[in-house]
Amino acid sequence: MADTEYNAPEIEVKWQQRWEKDKLYKVTEDPSLPKWYALTMFPYTSGALHIGHWYAMAPSDVAARFRRMQGYNVLHPMGFDSFGLPAENAAIKRGIHPRTWTLQNVENMRRQLKSIGAVYDWDREVITCLPEYYRWTQWMFLKMYEAGLAYRAKAPVNWCPKCQTVLANEQVIDGHCERCETLVEHSAREQWFFRITNYAEELLDFKDVEWPERIKIMQRNWIGKSVGTEITFGLPGNDEELKVFTTRPDTIFGVTFVVLAPEHPLVEKLTTPDKKKEVEEYVQTARHRTEIERLSTAKEKDGVFIGAYALNKLTNEKIPIFIADYVLLSYGTGAVMAVPAHDERDFAFAKKYGLPIKTVVAPPDMPSGELSEAYVGPGNMVNSNQFNGMPNDKATEAINDYIENKNFGGRKTSYRLRDWLISRQRYWGTPIPMIYCSRCGIVPVPEKDLPVALPDDAEFKPTGESPLKYVDSFVNTTCPQCGGPAKRETDTLDTFMCSNWYFLRYTSPGYDKGPFDPEKIKYWMPVDQYTGGAEHAVMHLFYARFFIKVLRDLGLIHFNEPFTRLFNQGTIIYLKQKMSKSRDNVVTPEDYVNKVGADTVRAYLMFLGPWSQGGEWNDNGINGISRWLNRFWSISQTGAVIFPDTSPDDAAELALRRILHKTIKKVSEDLEQFRFNTMIASLMELTNYLDDVRTAKSVCRSVWKEAITSLLLISAPAVPHITEELWERTGHPYSIHQQRFPAWDTQLIIDEQITLVVQVNGKLRDKITVDASISEEDARRTALGLEKIQNFINGKEIMKIIYVSGRLINIVVK
RNA sequence: GCCGGAGUGGCGGAAUAGGUAGACGCGACGGUCUCAAAAACCGUUGGAGGGCAACUUCCUUGUCGGUUCGAUCCCGACCUUCGGCACCA
């Protein structure tokens, strides 16, 4: 075969067409093979693929290809997450219909995705904004509703009074509207929720998954379980009572005031007339603050006395009631008992407003006067009546018992997790399939009437309501129960609802008797390996876990967790920043694909650094990969005829075979563990070594052929096009991507000679090459006899000698 | 602010059941080829000092401490930086 120049773009297009024509990557269920579901998070249809998308998709394709070569039946699908705010913004800004904009982007991105050369089975593509998909998203909502897991309640939204619009958090910049800079308010409105809190306890359990510890920690923190006590305080002169949640019931005797969230429903009722103005002003200010600001421990805690008092039933003391924005209505009961002596925030608050500080848990060095800072550690109880003298952990239980006996409250577990707000006041989303009838109330759309289709003729003006509200033909309908006139729900679903189940749809994309074919689900699910950005650590990955548990409880599926293994790749940066259109630092993959080829871009992205850490795109660095693949091309095509028939040099052949098999092992293990950077490095090393062997012609024909064949096979997942071409050029039958990954010879990779490091007092002083089987006795004798070592130990006393077999000898002298 | 990562040559990074720090690559410098340049190929390349030389000594993994025969790796404190924090997806 002629040694022509490596023309990557030409080869790549040729093979991509051939693979597509032959349906090489078509996947069907095959019960005789072990299945492997390798899933990459599908992209949002933002417009065009940038190198960050490649960074997510190329290495995961390499891992999927490796599994195929290991004999798994691999499902590695791709699709488009295509509902969302940006489509609507494009409509407002440029007058394009969100559907047009989105579907154009799908076309463009699909074309771009194909140039990666991945093993995607495009027959399984899923597009979430198409009625054939969102029909089933709506169906899922109805199932949730029937199960009592969907409900309506009031919740605050970001409201811009000037634009008359609900804003997403990202549209709020420093508390102001991103468009008109008006101060954003938080106002309440009726919206739909999912009862994710019902699953809080089960979601804490990760026994069925192999996930990175940090992601599990983030989800645990998100759930924020805390075991404590709910305690009822009296409200003298009022028939209501006040409930607080605390994790420190042992400090109940140290309570000197109570703090309510500014939004707490009792605030209006309890505020005395003389405090009304001050309280209202404070509530207004709090409305503009974000939760992060409110909870920041750096911010000085402020609040307002509302003029009313609460009664501590254990002490019969009357204590003042404050409101402060560091207390959130959504957590616990929206009210806390303040114990300045034993809580840092309460301490700062008490100091600021001159409130008493009463010590009830004695610190080891109990000061005679007031504490200088909050004491949060353990100690014995003081100033606590019958509980005095007890260690505070014992007192916690005793006080809990006492409270329960007296009916003052009781033990309770609180979660930071809140129910999932799924309503969006937007057009470009899945319509919530509900109907409001003046006679029958809230009525779900019957399954047979699905999908509730998005109307085409909506107007995209920022009006504060979903644009759907103004489409009469959409809103006005008849009640499925009584047949009378009724109105449709105009909120749409959070797009996280779409991504909750797309991976189920991939198993049976055309299925029309349900969201998925239960038989296919049984074969493919759960996902064996999920990969994607860590920015999804909590929300998407958490909601999907919740959703799968719900579907399981509805009897629709058979497993507990959607994603058995999870891996988060890092972020690719360019010019020191995360790539984004607004920063104008987007690297377009096509420019490079057309110049140096997809294989080069794939390999370069892998070579940048550890996949989990991300890295910086550098235009120069890619040259190294180009050079490597050029050498790879040339070496692989070196005709075996230039090598002798019989072994010219047994040692050289053994050395080559040893390095080859060590590389097979290294590449296999690296692929297994997603260490793509070192995999590429070891492939480069093997290539360099083969280059030297070629020059020396030190091996016979068959050894050379074995080396080239193996090199191509172990490189095939990483660089699928060039290896396919060379596989053909070296006389192998199509396709390399249907071959098995080579195994390494465990005997061959054991070294006969090793380098032993000789240290004196832990510092490297010499190295010796010895037989791998050397005894400790021989190693010591050899080491001590070395001239260099003698120079360092002469005249000194040998304290001890540390011997690490196969590694080193350390002589400790004084 | 809270939670979670990461700090190693000029640059990207390699090496952790604690055992040769700097694999592989980029860049730079020198050379071969060329009328010249590009490409390609060969060589050198952590810093400082000593030697004509084969060589050799000391320092070096963000900072400061600790444990250890031995620390990039373990422990404590600090500094810097990146990600998440519930309507971006």
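Computed from heavy atoms alone, side chains included, the values below leave out hydrogens, waters and symmetry copies. Letters go in sequence order (proteins before strands), and every chain restarts at 1.
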Inter-nucleotide [atom1] distance ([N], [M]), Å rounded:
{"N": "B:G30", "M": "B:A38", "atom1": "P", "answer": "12 Å"}
{"N": "B:U63", "M": "B:U81", "atom1": "C1'", "answer": "15 Å"}
{"N": "B:G13", "M": "B:C26", "atom1": "P", "answer": "16 Å"}
{"N": "B:A14", "M": "B:G7", "atom1": "P", "answer": "9 Å"}
{"N": "B:U61", "M": "B:U56", "atom1": "C1'", "answer": "24 Å"}
{"N": "B:G47", "M": "B:U60", "atom1": "P", "answer": "16 Å"}
{"N": "B:G76", "M": "B:A21", "atom1": "P", "answer": "27 Å"}
{"N": "B:A23", "M": "B:C79", "atom1": "P", "answer": "34 Å"}

Residue mapping more 5' on RNA chain B - nearest nucleotide basis, A:Lys788 or A:Asn761:
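The residue mapped nearer the 5' terminus is A:Lys788.
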If you take atom types as modelled and just measure distance, does the side chain of A:Gln219 reach the base of B:C3 with a donor-acceptor pair under 3.5 Å?
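Counting by modelled atom types and ignoring angles, no donor-acceptor contact under 3.5 Å is found here.
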Report yes if a donor N or O on one partner sits less than 3.5 Å from an acceptor N or O on the other, where the partners are the side chain of A:Arg426 and the base of B:C87; otherwise report no.
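Yes, a donor-acceptor pair under 3.5 Å.
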From the set [options], return the single nucleotide nearest to any side-chain atom of [X].
{"X": "A:Leu417", "options": "B:C59, B:C87, B:A86", "result": "B:A86"}
{"X": "A:Arg765", "options": "B:A89, B:C58, B:G84", "result": "B:C58"}
{"X": "A:Ile217", "options": "B:G4, B:G84, B:A89", "result": "B:G4"}

Member of A:Phe567, A:Trp611, A:Tyr604 meeting the ring-ring contact (aromatic ring centres under 6.0 Å, His included) criterion with A:Phe676:
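By the ring-ring contact (aromatic ring centres under 6.0 Å, His included) criterion, A:Phe676 pairs with just one of A:Phe567, A:Trp611, A:Tyr604: A:Trp611.
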Distance-only, no hydrogens or angles: does the A:Tyr133 side chain make a donor-acceptor pair with backbone N or O of A:Tyr502 under 3.5 Å?
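Confirmed, A:Tyr133 side chain pairs with A:Tyr502 backbone.
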I want to verify the glycosidic state of B:G9; is it syn or anti under the 90° rule?
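With its glycosidic angle within 90° of zero, B:G9 counts as syn.
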Please check if atom CD in A:Glu669 has more than 12 non-hydrogen atoms from other residues, nucleotides or ligands closer than 6.0 Å.
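Count over threshold, so yes.
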Can you tell me if CZ on A:Arg152 sees more than 12 non-hydrogen neighbours from other groups inside 6.0 Å?
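More than 12 within 6.0 Å, yes.
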Within less than 4.0 Å of OP1 or OP2 of B:C87, is there a side-chain N or O belonging to A:Arg424?
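Answer yes for this pair, as a side-chain N or O of A:Arg424 is under 4.0 Å from OP1 or OP2.
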Ring centers of A:Trp420, A:Tyr543 separated by less than 6.0 Å
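Yes, ring centres under 6.0 Å apart.
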Could A:Lys595 and A:Tyr592 be counted as a cation-pi pair, given that NZ or CZ must be under 6.0 Å from the ring centre and within 45° of the axis?
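Checked: cation-pi criterion met.
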Is the charged tip of A:Arg765 near the ring of A:Phe792: under 6.0 Å from the six-membered ring centre and within 45° of its axis?
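Yes, A:Arg765 lies over the aromatic ring of A:Phe792.
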Would A:Tyr44 and A:Phe80 satisfy ring-ring contact (aromatic ring centres under 6.0 Å, His included), going step by step from the backbone distance to the final call?
CA-CA 6 Å; A:Tyr44 174 68; A:Phe80 298 96; over 10 Å; no
What dot-bracket string describes RNA chain B from 5' to 3', counting Watson-Crick and G-U wobble pairs whose defining distances are under 3.5 Å, with [ ] for crossing pairs and | for pairs to another strand?
(((((((..(((......[....)))((((((.......))))))(((((....)))))..(((((..]....))))))))))))....
Taking the basic N atoms (NZ, or NE/NH1/NH2) and the acidic carboxylate oxygens, is any pair closer than 4.0 Å for A:Lys662 and A:Asp751?
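A salt bridge is present here (some side-chain N lies under 4.0 Å from a carboxylate O).
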Would you mind building the protein contact string for nucleotides 13-29 of chain B? One character per nucleotide, 5' to 3', B for base within reach (heavy atoms under 4.0 Å), S for sugar-phosphate only, - for untouched.
SS----BB--BBSSS--
Taking any heavy-atom pair under 4.0 Å as a contact, classify A:Trp222: base, sugar-phosphate, or nothing.
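Base, at least one base heavy atom under 4.0 Å.
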Run A:Lys666 and A:Thr678 through side-chain contact (heavy atoms from CB on, under 4.5 Å) and show every step you take.
CA-CA 9 Å; A:Lys666 171 80 177 145; A:Thr678 51; 3.9 Å; yes
